[in-house]
Structure formats: structure tokens, C-alpha cells
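First comes the structure, then the notes that go with it.
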There are 2 protein chains.
Amino acid sequence: MLDVARAAGVSRATVSRVFTAPSSVAEETRTKVMDAVAQLNYVLNSAARSLRSGRSNTIALLVGDIAQPFHSQLAKAVAHAAEGRGYSVLLCDLDHSITRLERLLESLPLQGVDGVILATGDDIDTDAVRAAIREAEERDTKVLLGTPQLAGIATLVMTTDYESVAYQATKHLLDQERWPVALLGGGASSVLSPLLKQGYLRACSEAGRSEADAILAVTEYSTDAARAATQGLLSGPVRPEGIVASSVSVALGAMSALADAGLGTPGQIGLVACEEVLLAEQLRPRLTTVGTKLDLQGAAMADALIDAIQGNSAESRDWVPQLNLRESSAR
Amino acid sequence: MLDVARAAGVSRATVSRVFTAPSSVAEETRTKVMDAVAQLNYVLNSAARSLRSGRSNTIALLVGDIAQPFHSQLAKAVAHAAEGRGYSVLLCDLDHSITRLERLLESLPLQGVDGVILATGDDIDTDAVRAAIREAEERDTKVLLGTPQLAGIATLVMTTDYESVAYQATKHLLDQERWPVALLGGGASSVLSPLLKQGYLRACSEAGRSEADAILAVTEYSTDAARAATQGLLSGPVRPEGIVASSVSVALGAMSALADAGLGTPGQIGLVACEEVLLAEQLRPRLTTVGTKLDLQGAAMADALIDAIQGNSAESRDWVPQLNLRESSAR
DNA sequence: CTGTTAGCGCTTTCAC
DNA sequence: GTGAAAGCGCTAACAG
């Protein structure tokens, strides 16, 4: 830095200012410095910068499972938005482990990340997590929650309205005169389950169907479990004409079971998944979904978090999902 | 740190040594320090540490497209292995842009990452990339290449033998007495294409099929393009009895076209994909693949890179893929 | 608008 | 086996 300063005939402080507060430096001086920087191929040392300023220009992205399309698409959007604003993204895969989450939430702020995005559908409401989030915020590490849980506790929340997701999915099938319609998924590990159930039941009752006739096929969020559950449904006393799958994995299980039962062709049993991912377009039949645009939502998450970090006002937001009509629910 | 030192009745230097070279500190002193650390809830400041030591305990993972299952599964494995060794992972999505790659390769080493894993199948052989890798190595930032390209240039290379992938996939179909067998995919943007083609042709010629009878259905690596290409194949003069799809996306396109043509049921046209991902198990028909175990390969990548960073001997390796027999190629 | 100054918290010789 | 001392490269008051 001293070399640059000398080459430009200024002090190191001025060189620093050119990077941190360009507007506070005279136009002319700035160009001189920039020239010297270019000439000497100078780059700021980020470690020194972090040490001195207390900011690392790094955010951590914590996801339930990066191998899931939903999370990897979200990660992509977050990474691009962050890069655009000069931030690096630390990838932390929780692998559905709450212990790991607690550990990360405790260590990351001390590690020096400026912010954390927490995106998972898993149940994470423990004392340790609450305490860690509170501590993080006290240490001036901003936390953005991408889950309906713990909403009050973090400065920023950016969730999807999952009640509406299931409502729209169910209503769509009911509007096609399908009945019964089953809700598939909703294992206890996910905090989305009760929300999806609410939306499902609301659509049912609005359509004049009693709760007693509703079919809640509770199953874990794995494809295998969902396939088995669907098989049970198909061979049960009342075969559903529509299925609302709580995730894409679950929908894949349902599709398998339908295909095995010779019901794979669109038009017979309607299927809607409660997540919008690229894969939906690549399957056959193409999968109807209800969900938000992940690229927009991910970018908004990064932007909001970085705004908060930089002291700009940032707004929490509840995202309204949309129906993406495709073949799997064609009439 | 001073607090800890005082509480333990030692100097700051000793506290530091407890973290950096525990074996150089007397057993007794070490426990005293550890106790003080626990008591005071002390954590090393990573920025200061990086500044002073010149190491950041951070590696960057550059992937062609994190939204692709192949890359997100790899990322998961890398993240876990790195975490286990005390390293953080910076996620960089190239989004298939070589400009972005060049920029990252130039900036990351200066940013202070200790190592870089570059995993993409795209063609990245430009002067700028070669220069950037060389410079990175000169700056003591280790580079691990997860691509068959530029092999000589980086200290570490960890590739999959894609010639063998296509060879095995093709041979598997030929062994089932299927003919003709088409190779689907292989657009010019991917450096894997020529390797896959080689393996495919080798299997054909070993089975006594002449190159003239081979079917190379060149298409981009997108599902839509692959579907169209498969449709062309099915309505062409010689309908193939087997298809080797160069990626899962391509295989999805082929599956769509087969389903549309009423050939979706296993047993009619055999399909094998040249990547092993979790999704293969979730589809119906389940997709036969040839590929390596991504969790092992990703972990090995992280381990090798970190070994190299830490000055331990690290070995490059060419991974031998395996056939994962599933329904899509059932007889 | 620019320079001076005083560290940020840690590691690492070098003595002892 | 441990301590003293000297910075790593940068930023942020504070003057001017």
C-alpha cells in the first residue's frame, strides 16, 4: 500500500480512502491513486482489512441440505447476488443436524462473518439456537431467517407463505372437480407440515368438503417413504383423484407409485408439488408446482442481509407463492 | 487473549502456541490455558490470525453450476470434509461463464484463500485461466483441478475417467444385445464430450460394430435439446435400442421423449446416464448410471487440497467409475 | 480534502 | 518450555 501511496504521491490513508470512501477523495487524487493501483497490480489485503475494520465482507449460508434442488437453486441465487455486492458466501451444509446448526451459529459470528442466512424447513427451535441467534445479533452479526420458525428473534425474516402454497395447490385440484384430494408428506421433522396442513384443510372446507373426508397421508420427506405411502393410498378404500405433495422428493415418490400402478399418464390422478424447482420442467409428466421464484427470493435474501449489514434499512418479507401449471395436473 | 494469558498465568505467546503447536507446550501449562479459554469463552480472531500467519483456513469451491445435482452433491461432500478439517468453504458459482472464472481465479488468491477446487466440465482452456492458475500457485494458493483439462498446470488433479464412463455405459447396453446404441449429448462446450465419444466408440468397435454404424446424436447439455434430439432419433431411419446420455439432464430429456413415444417402460429402449446422482434412484424408471461416488470423490478432493496446503504429500488421482444398474436399462 | 498516528489481535523469531 | 518484542496491512479518529 505504501508503494501505491508513493507512486501516487499521497499518503497511505488516502489510498485506503480511495477504496473505502471514494467520494471523500478529490477526483484528481483518486485517478492518480487508481493509476498507481493498476500499475502495481495492487490488491487490498482482506485479512488486514477485516482485522482493522471488524467486517469481513463475508456472509454464511446455512442450508438444510445442499444436495436438494431447492437449496442448491437458492444457494445459486444467493451466491450471485452476494458476489454482485462484493460479498463472499461461506457454504455450510447442515445436513439436517441441529447440533451442527448450533455449533455453526455459535462459531460463525466469532469467526467473523458479517451475516448469516439460515434456510431450512427443519424444526430448529431449541434454547441453544435461540441463544446463539440472540448472541450473534448482539455481536452485530446480522441473521436472516428463511424459515417460518423463530420469526420474532432475528432482525430479518424472509419466508414463503406455505399455508398459501398448500391452499393453492389443493384448490387447483379441487377446481378441477377432483375428489378426494390427499395431502402427502408432512412428517413431524418439518415445521412446514402444519402450515401445509392448514392450507390444505382451508381449501377443502372452502370447497364444502368436510375435514373428516380429507386424507392426510403423513410420511417422511423421502422419495421412498412417499412412494410407499402413495401405494397405500392407491390400494386403500378411497382412492384419491388428486395428490398434493409437500416437496419435490415426495412428488417423485408419488410419481413412481403412480407409474407403477399404471396411472402415470396425466389426466388420471392430479399431482402438485409444494416447491418450484427447475427439475419440475424436466420430468415427464412435467410437474405442476406451487412456489416462489427461487432466484428472486435468494437474491432478495442476500440483498436484504447485506443492506442490514451496511446499515441501510432492510425489510422482512413474506413471499406469496404462485401456481405453475404443468402436465402432472392436466385434465 | 491477554485475559486468557493472565487467567492461566502465562504469556500471550504461550496461549497462541496452545492453538498453533499444542505439542510444544507442557502438558500442565496446556490444561491451564485450555481451562482459562473455556472459562472466558475465548475464541481466536480469525482475521488477526490470517493477517499474521498468511493462511486463512478457507478454500474456494468453484463449480460450473451449483443448481445441477452433480455439483451440489459434490459441494456437499467438499463442505463436510473441509469442515472436518477446520476449513471453511467459499461457494463460487461459475454459471458456465469463463469470464467469471478468470476473474475469480485472479482475485481469490489475493483475497487470501489457501486453496481452490475447480470443478466443471466446461471448456476453460484460455491463456488467462492458465496464467491465473500459475500465478495462484506462485502465490502459494494450491489449486485442485476436477476436470480433465489443463492437467499439467496445477499441482493437484482429481478427475473421473470419462472415457471409461462412456465405455462401460455403452458396453453394458451392447452386452444386452442392443443395437444400434446412440451416444446422446456431447455439445462442443464440454470437454468431456470427446472423452465420452472415445469410450463409446471403443465399446462399439470391441463389439464388432463399425464406426460407420455408430450414432452420435450431438446436442447441447439441456433437457429440452436432448428431448428434441431423441425425438429425432426415434423418428429417424434407424431407431436405436439403447441410448447413452452424457449427463442426467440429457437423460431426463431422453426419458421425456421416450415417454412421449410410448416407450417409457423399461425393457424397450435401454438408457444409461454418464453421471451418478441421487436423483437416479428417485426417477421412474430408476436411471441406470455410470459414475463415481460423489461423496467419496468430493471428500477426497477437499482432503487432498488441504493436505497440499498443509504441506503434507497429496496425490492426484483418476477415479474409476462404476456401473449402477437400475431399471432404465433393464432387459 | 489529506496526512499523522495509533493500534486491530495474533504469530513468530529470538533469547533465556 | 516459555517470555519479550516486533510487526502482518490496513482503517479511523483527529488535526490541519
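The sequence lines fix the lettering, A, B, ..., with proteins before strands; numbering per chain opens at 1.
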### Message
Please determine whether a side-chain nitrogen of the Lys or Arg among A:Asp93 and A:Arg100 lies less than 4.0 Å from a carboxylate oxygen of the Asp or Glu.
### Response
no
### Message
Taking 4.0 Å as the cut-off, does a side-chain nitrogen or oxygen of B:Thr14 come that near to OP1 or OP2 on D:dG3?
### Response
yes
### Task
Classify every nucleotide of nucleotides 8-16 of chain D by which part a protein heavy atom approaches to under 4.0 Å, writing B for the base, S for the sugar-phosphate alone and - for neither, in 5'-to-3' order.
BBBBBB---
### Query
Considering residues, nucleotides and ligands other than A:Glu315, do more than 12 of their heavy atoms fall under 6.0 Å from its CD?
no
### Task
Can you establish whether the number of heavy atoms outside A:Asp127 located under 6.0 Å from its atom CG is more than 12?
no
### Message
Tell me whether A:Thr292 contacts the main-chain N or O of A:Trp319 through its side chain, where contact means a donor paired with an acceptor under 3.5 Å.
### Response
no
### Query
Tell me, do A:Val143 and A:Ile153 make a side-chain contact under 4.5 Å, heavy atoms counted?
no
### Message
Just to be sure I understand the rule, does B:Thr29 reach a base, reach only the sugar-phosphate, or reach nothing, if contact means heavy atoms closer than 4.0 Å?
### Response
sugar-phosphate
